[in-house]
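A short worksheet on the structure shown next.
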Amino acid sequence: MPDRSSITLSIAGSETRAGVVSEGVVFEGGGHRRALVVRRHPRARGMKLRVDPRDGAVVLSLPPRASLARAERWAEGQRDWVEAQLSRVAPERPVLPGAPLPYRGATILIDWEASRPRTPRLEDERLCFGGPEEAVETRAIRWLKAEARRHLSEETAHYAALAGVPVAKVSIGDPRTRWGSCSSSGAIRYNWRLVMAPPRVLSATAAHEVAHRVHMNHGPRFHALVEEIFGADPAPERRWLKENGAALYRIGRSS
């Protein structure tokens, strides 16, 4: 079976089944155990099975009137493929004292001692802070988010000046499907996990979103503007996110 994160089967709708989630089928691979999640979509024309590389969720999408029993049998028949995909999902990376933490494309270490001040500070590739041990992950992630907001605000302002456009607001979040988004009102929202990627990856993402202040599409003029203000073809940075981005979702998040 092809090495890809989703497979599809076109079917004719049959019966209506209530509910959108079923856990009748369970898969295991790479130390991950995941129940099949079934979701019905009004515009779906066939069944689609996918494994989310960020957390290993196994999702089967169905048309509204498709047979749930048939869908589960089909998903069960794809067990080898699903479990091979699960084996590729990165392991969880808890944020603990002494653990490595990605930051700006490099690795820093969590240097925690209870007696230290609780506010984290970066010293010689170590993130130093104190306080209760059970709050280590919370404090480290909060520091990363603050750094993400700072760097993304600076990069956004830089590219907005080059493009000659205003940006109403810059905010961060943890969306599952986008690294950034730009609204018609001029507000730009980023995924805070970009601060763990190499600096040029973060910068390319900012240039991409700022370009949407001029072109709210992905047409040729949009891509030309991204390359103009970024100063290079951002394909290598996009490729880095495609190849490594899923692993960033495993930082500070339990299976």
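Note: hydrogens, waters and symmetry copies are ignored here, and every other heavy atom, side chains too, is used. Since the structure is predicted, the reported quantities are computational estimates derived from the model, not experimental observations.
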Between [X] and [Y], is there a donor-acceptor pair closer than 3.5 Å when you use the side chain of the first and the backbone of the second?
X: Arg149; Y: Trp192; result: no
X: His151; Y: Leu202; result: no
X: Arg250; Y: Ala90; result: yes
X: Arg93; Y: Ala99; result: no
X: Ser87; Y: Ala84; result: yes
X: Arg40; Y: Pro64; result: yes
X: Trp179; Y: Arg193; result: no
X: Arg126; Y: Asp111; result: no

key: Electrostatic pair Glu147:Arg150 at N-O distance under 4.0 angstrom   =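 Answer for the salt bridge query: yes.
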
query = Under a 4.0 Å N-O cut-off, is there an ion pair linking Asp55 with Arg34?
reply =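 A salt bridge is absent here (no side-chain N lies under 4.0 Å from a carboxylate O).
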
Taking all non-hydrogen atoms of both residues, which atom of [X] and which atom of [Y] are closest, and how far apart?
X: His32; Y: Val89; value: NE2-O, 3.2 Å
X: Leu36; Y: Ala75; value: CD2-CB, 3.9 Å
X: Val95; Y: Glu137; value: N-OE1, 3.3 Å
X: Ser67; Y: Arg70; value: OG-N, 3.1 Å
X: Glu237; Y: Ala204; value: CB-CB, 3.7 Å
X: Thr205; Y: Val201; value: OG1-O, 2.9 Å

From [atom1] ([X]) to [atom2] ([Y]), nearest 0.5 Å:
X: Asp124; Y: Ile108; atom1: CG; atom2: CD1; value: 12.0 Å
X: Asp233; Y: Glu227; atom1: CG; atom2: CD; value: 5.0 Å
X: Glu133; Y: Arg139; atom1: CD; atom2: CZ; value: 12.5 Å
X: Leu241; Y: Leu248; atom1: CG; atom2: CG; value: 7.5 Å
X: Gln85; Y: Asp52; atom1: CD; atom2: CG; value: 11.5 Å
X: Lys169; Y: Ser185; atom1: NZ; atom2: OG; value: 9.5 Å

For [X], does the [atom1] atom have more than 12 heavy-atom neighbours from other residues, nucleotides or ligands under 6.0 Å away?
X: Arg33; atom1: CZ; answer: no
X: Glu125; atom1: CD; answer: no
X: Arg116; atom1: CZ; answer: yes

Would you say that [X] contacts [Y] through its side chain, given a criterion of any heavy-atom pair below 4.5 Å between the two side chains?
X: Asp174; Y: Asn191; value: yes
X: Arg200; Y: Pro234; value: no
X: Arg79; Y: Val25; value: yes
X: Thr119; Y: Trp143; value: no
X: Leu225; Y: Arg221; value: no

If Ile, Leu, Val, Met, Phe, Trp and Tyr residues are connected whenever their side-chain heavy atoms lie under 4.5 Å apart, and connections chain through other members, are [X] and [Y] in the same group?
X: Leu96; Y: Leu127; answer: no
X: Ile141; Y: Phe129; answer: yes
X: Tyr249; Y: Leu152; answer: yes
X: Leu109; Y: Leu144; answer: no
X: Phe222; Y: Val165; answer: no

ask   = Which residue, Pro102, Pro94, Pro100, forms the side chain to side chain contact (heavy atoms under 4.5 Å, CB included) with Ile251?
value =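 Single side chain to side chain contact (heavy atoms under 4.5 Å, CB included) partner of Ile251 among Pro102, Pro94, Pro100: Pro102.
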
Intermediate values then yes/no, side chain to side chain contact (heavy atoms under 4.5 Å, CB included), Arg104 and Val195 = CA-CA 6 Å; Arg104 304 282 285 163; Val195 79; 4.2 Å; yes

inquiry  = Over 60° means perpendicular and under 30° means parallel, so tell me whether Tyr159 and Phe230 are parallel, tilted or perpendicular.
reply    =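 Because their plane-to-plane angle lies in the 30° to 60° range, the rings of Tyr159 and Phe230 count as tilted.
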
request  = Indicate the ring-plane relationship of His208 and His218, choosing parallel, tilted or perpendicular according to the 30° and 60° boundaries.
outcome  = tilted

request  = Could you go through the side chain to side chain contact (heavy atoms under 4.5 Å, CB included) check for Val51 and Leu86 one step at a time?
outcome  = CA-CA 7 Å; Val51 178; Leu86 281 176; 4.0 Å; yes

inquiry  = Go through it in stages, so that I can follow the logic: the residues are Ile172 and Lys145, the test is side chain to side chain contact (heavy atoms under 4.5 Å, CB included), and I'd like the CA-CA distance, side-chain angles, deciding distance and then a yes or no.
reply    = CA-CA 8 Å; Ile172 60 168; Lys145 289 180 177 181; 3.8 Å; yes

